Amino acid sequence: METVSDEHSAKLRKFSPAARIVVVLLLASAALLLQETVMAQTSVAAPKPAEPLTSAQLNDSMRKLEAELLAKYGQAQKPRLSTGLHQGMEFWRPEDGDAAVFESFVRINFAGDQASLDTMFLRFQRLLEQLDGHMHEISREFATQQDLDLGPIRSYDEVFGGYDPSAHVTDDFFQNKLAFIVLLNFPLTTLEERINDGPKWTRRQWAETRLAERFSKRIPADVNLAIAQAGGDAGNYIARYNVWMYHLVDDKGQRLFPPRMRLLSHWNLRDEIKADYGDAQNGLLKQRVIQQVMERIVTQSIPQVVIDNPQVDWNPFTNQVKPAAAQDSDATAKSDAKITNAPEPDLRYATLLKTYHASRMADPYSPTAPTLIDRRFNEDREIPEERLKAMLEQVLTSPLVPQVAKAIESRLGRPLEPFDVWYAGFRPGSKYSEAELDAAVAKKYPTPEAYQKDIPNLLVKLGFAPERARYVADHIIVDPARGSGHAMGAEMRSEKSHLRTRVETTGMNYKGFNIAVHEMGHNVEQTFSLNDVDYTLLQGVPNTAFTEALAFVFQAQDLALLGLAAPDAKSDAMKTLNDFWGTYEIAGVALVDMAVWHWMYDHPDATPAQLRDATLQIAKDTWNHYYAPVFGKKDVVLLAIYSHMIDSFLYLPDYPIGHLIAFQIEEQMKKSGSIGPEFERMAKMGRVTPDLWMENATGKPVSADALLAATSEALKQVSQP
Ligand SMILES: [Zn+2]
């Protein structure tokens with residue numbers, strides 16, 4: 001099983017259900033219509049301009065309304081009414097109207113009996129699905145040129161790609177008071193309540209909870225736009241960060257990598273390290289070169305001119321650059337590029353800082369989660385930061401780490417080097433060379449269409465009944481990706497999910513296939529959790545770690561899908577050790593991401609250079625604490641190489657949690673004997689809390705225990721002759 005190697009994360013972030021809690025969507029035309037209706041209702045009572053409403057006035061209104069409405073609807077409505085009035089008041093601003101407007105609004109819009117409430121609930125559910133679905137459709141279309149392999153990206157494509165059509169929706173919904181109608185009738189909850197009381201709620205209560213959450217913030221449109229823009233800019237910075245490998249030279253001008261090999265940082269660089277374990281002749285040398293390149297990127301000592309430029313040769317050890325002595329690209333020279341080794345001017349950290357500054361703009365409008373860190377953990381993930389950190393530390397400090405490290409050293413026949421955090425030799429598939437795998441995949445999938453056509457067969461191999469396989473396949477569209485690949489789900493039932501995969505002119509290669517299978521896992525989850533969930537308000541999974549976990553389940557089957565591996569006890573054990581090592585690696589990466597965000601919040605005026613130094617220190621400290629004792633080398637900065645750190649707003653902790661969750665889910669699937677039906681049963685649960693979802697799926701809450709217990713067993717299995 002691979003550590004996730006896709007770039008879909010930004011898309012998942014942008015369109016995850018959790019993100020939609022913040023960014024509430026509305027079609028502009030619908031907004032106008034609805035606004036007119038509300039205005040017509042309220043204009044009788046309040047034709048005059050709004051005056052600021054004092055809390056005394058509001059309290060007075062509250063008492064009056066409570067008495068009046070309880071007389072009308074009965075005392076049983078008291079808790080609902082009280083909650084609704086408080087929620088309405090909390091978000092009411094002077095521009096929303098005076099006390100008379102507030103009172104009139106409540107009288108008209110409080111649903112005091114079950115039938116009115118049911119009608120309201122169903123109407124909001126149906127229309128919000130349409131809203132989300134169409135907004136998402138626009139976003140996807142606008143980003144098409146950026147996301148797909150369709151030729152040059154023009155200046156306006158970047159503007160389209162950075163545009164968020166839903167940015168004004170929150171404002172609109174508060175302005176036309178649809179948000180207030182929800183807040184008046186459906187309760188907001190805390191994470192604590194969802195964790196403690198959620199297991200006793202009905203499905204409808206869960207759906208109502210998610211409906212109310214959409215309006216737990218009143219973030220202005222310009223703030224949402226600024227965040228989307230910073231995310232888009234960072235994504236572009238990352239998407240162009242290619243290294244031309246043929247142009248990496250040693251002191252003798254020797255080239256270790258083949259012509260035309262262009263690797264995107266960090267995904268392709270890291271995956272090349274993994275692949276190089278299969279190269280007995282030059283693998284180790286190549287891995288050391290890539291580690292050096294990664295360190296140059298992290299420390300920003302990489303010469304600016306070598307980034308995505310096949311016109312220069314670069315020795316990453318001496319940092320010398322020269323005009324390319326050999327051509328492997330038709331790309332014309334960048335005319336203005338002077339060939340010097342002047343370093344990239346901390347752009348990596350300037351880009352990260354911009355995402356932080358944009359995120360901070362939302363803080364004042366998010367009183368219950370006043371930092372991006374809070375929003376990520378308490379709202380998006382719904383796992384408290386401390387609990388998540390404890391699970392990561394449980395893995396990082398496990399006595400199993402030195403044991404597995406020893407097993408790796410004995411397999412390699414040498415002491416570990418830092419890049420061995422990406423050791424991939426536990427994979428049963430490592431017996432095939434990259435070239436063999438590439439050839440097999442290219443033959444099978446010369447084009448994206450060929451992959452599209454094969455999806456039903458692949459799903460049947462994964463245990464889906466032919467009818468279900470056909471049903472799911474009919475909901476997936478394959479597109480040629482510009483980057484390494486990503487999955488983009490739909491947001492309404494009349495739309496399909498998109499699988500973006502990179503297919504070279506010579507056909508799909510193994511890396512591309514491995515990623516495509518992972519993304520297909522996302523697409524299948526997206527299909528079930530949208531189309532087969534009982535309430536569309538519960539569409540999705542608890543957080544992105546769960547969709548990653550389900551995608552891992554697919555990805556782990558990639559060789560089997562190629563007809564190359566027969567799983568047995570030993571290869572299962574190998575896979576477990578691979579999972580464990582991958583979790584150990586990405587747990588440290590996640591801790592670095594978390595610490596860097598805390599550092600930015602503690603140093604709001606930091607310069608890019610200061611952030612660079614802080615990040616390097618955090619990466620070294622994390623390495624020294626959890627890795628140096630195992631690797632015998634201190635002050636390594638590799639944990640800071642992940643591109644997600646720059647463009648994905650504290651996304652990385654989802655990966656290690658994803659591994660833990662994936663492991664729990666895979667164990668469950670083994671127990672049941674087939675992936676397909678279990679996958680469908682789990683994915684239909686929808687977006688409840690992580691622990692509740694996992695209880696339904698496996699009978700236990702989220703935990704690292706399953707992985708650690710199985711790793712212990714796997715070590716015994718592998719050490720047997
Ligand atoms: Zn993924």
Side-chain angles (χ1 to χ4, degrees), residues 1-19 140 147 231 235 238-239 264 266-268 270-271 274 376 380-381 422 451 455 458 462 472 476 478-479 481-490 497-502 511-530 540-558 561 578-579 582-583 585-587 589-590 593 642-645 647-666 675 679 682-683 687 690:
M1 194 165 76
E2 289 281 287
T3 299
V4 165
S5 51
D6 50 5
E7 61 172 62
H8 68 287
S9 60
K11 277 77 192 178
L12 287 174
R13 169 176 51 72
K14 200 166 168 187
F15 303 113
S16 72
R140 190 193 63 233
D147 287 345
I238 289 301
L264 185 66
H266 74 283
W267 297 274
N268 298 155
R270 179 203 56 194
D271 291 350
K274 292 184 173 207
R376 277 308 210 188
D380 300 346
R381 288 190 185 99
W422 292 299
Y451 187 90
I455 289 177
L458 293 172
L462 289 167
V472 175
I476 299 173
V478 177
D479 301 318
R482 185 181 291 277
S484 62
H486 61 263
M488 189 182 278
S497 70
H498 288 248
L499 196 174
R500 272 76 189 269
T501 180
R502 185 153 170 171
K511 269 180 215 146
F513 176 73
N514 177 270
I515 294 169
V517 172
H518 173 101
E519 305 305 343
M520 186 172 69
H522 285 307
N523 291 127
V524 175
E525 174 270 295
Q526 288 157 353
T527 299
F528 286 131
S529 68
L530 169 63
V541 287
N543 60 47
T544 39
F546 284 77
T547 187
E548 291 307 332
L550 289 166
F552 280 141
V553 170
F554 271 41
Q555 193 173 6
Q557 301 296 319
D558 67 336
L561 289 173
N578 184 68
D579 287 358
T583 310
E585 176 261 331
I586 198 73
V589 170
D593 198 16
Y642 274 66
S643 294
H644 308 79
M645 249 189 70
D647 77 342
S648 294
F649 301 83
L650 195 46
Y651 176 81
L652 283 164
D654 282 351
Y655 284 115
I657 292 300
H659 277 280
L660 305 187
I661 292 167
F663 206 82
Q664 291 179 283
I665 290 171
E666 281 201 49
I675 290 175
F679 194 103
M682 292 175 185
R687 198 161 54 85

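Ligands are counted one by one from 1 in listed order, and the atoms in each one are counted from 1 as well. Scope of the values below: all heavy atoms of this structure, side chains included, with no hydrogens, waters or symmetry mates. It should be emphasised that the depicted structure is a prediction, and the values quoted were computed from it without experimental measurement.
- Phe554 pairs by the ring pair (Phe, Tyr, Trp, His ring centres under 6.0 Å) definition with Phe679, not counting sequence neighbours.
- Taking the Zn ion (ligand 1) as the corner point, the angle from His522 atom NE2 to His518 atom NE2 is about 100° (rounded to 10 degrees).
- Under 2.8 Å from the Zn ion (ligand 1) lies an N/O/S atom of Glu548, whether from backbone or side chain.
- Taking backbone and side-chain atoms together, His486 has no N/O/S atom less than 2.8 Å away from the Zn ion (ligand 1).
- For the atom pair Gln555 CD and Glu519 CD, the distance stands at 8.0 Å (nearest 0.5 Å).
- By the 30° and 60° cut-offs, the orientation of the rings of His644 relative to Trp267 is perpendicular.
- A search for side chain to side chain contact (heavy atoms under 4.5 Å, CB included) contacts involving Thr501 returns Val478, Leu499, Val503, Met508, Ala516, not counting sequence neighbours.
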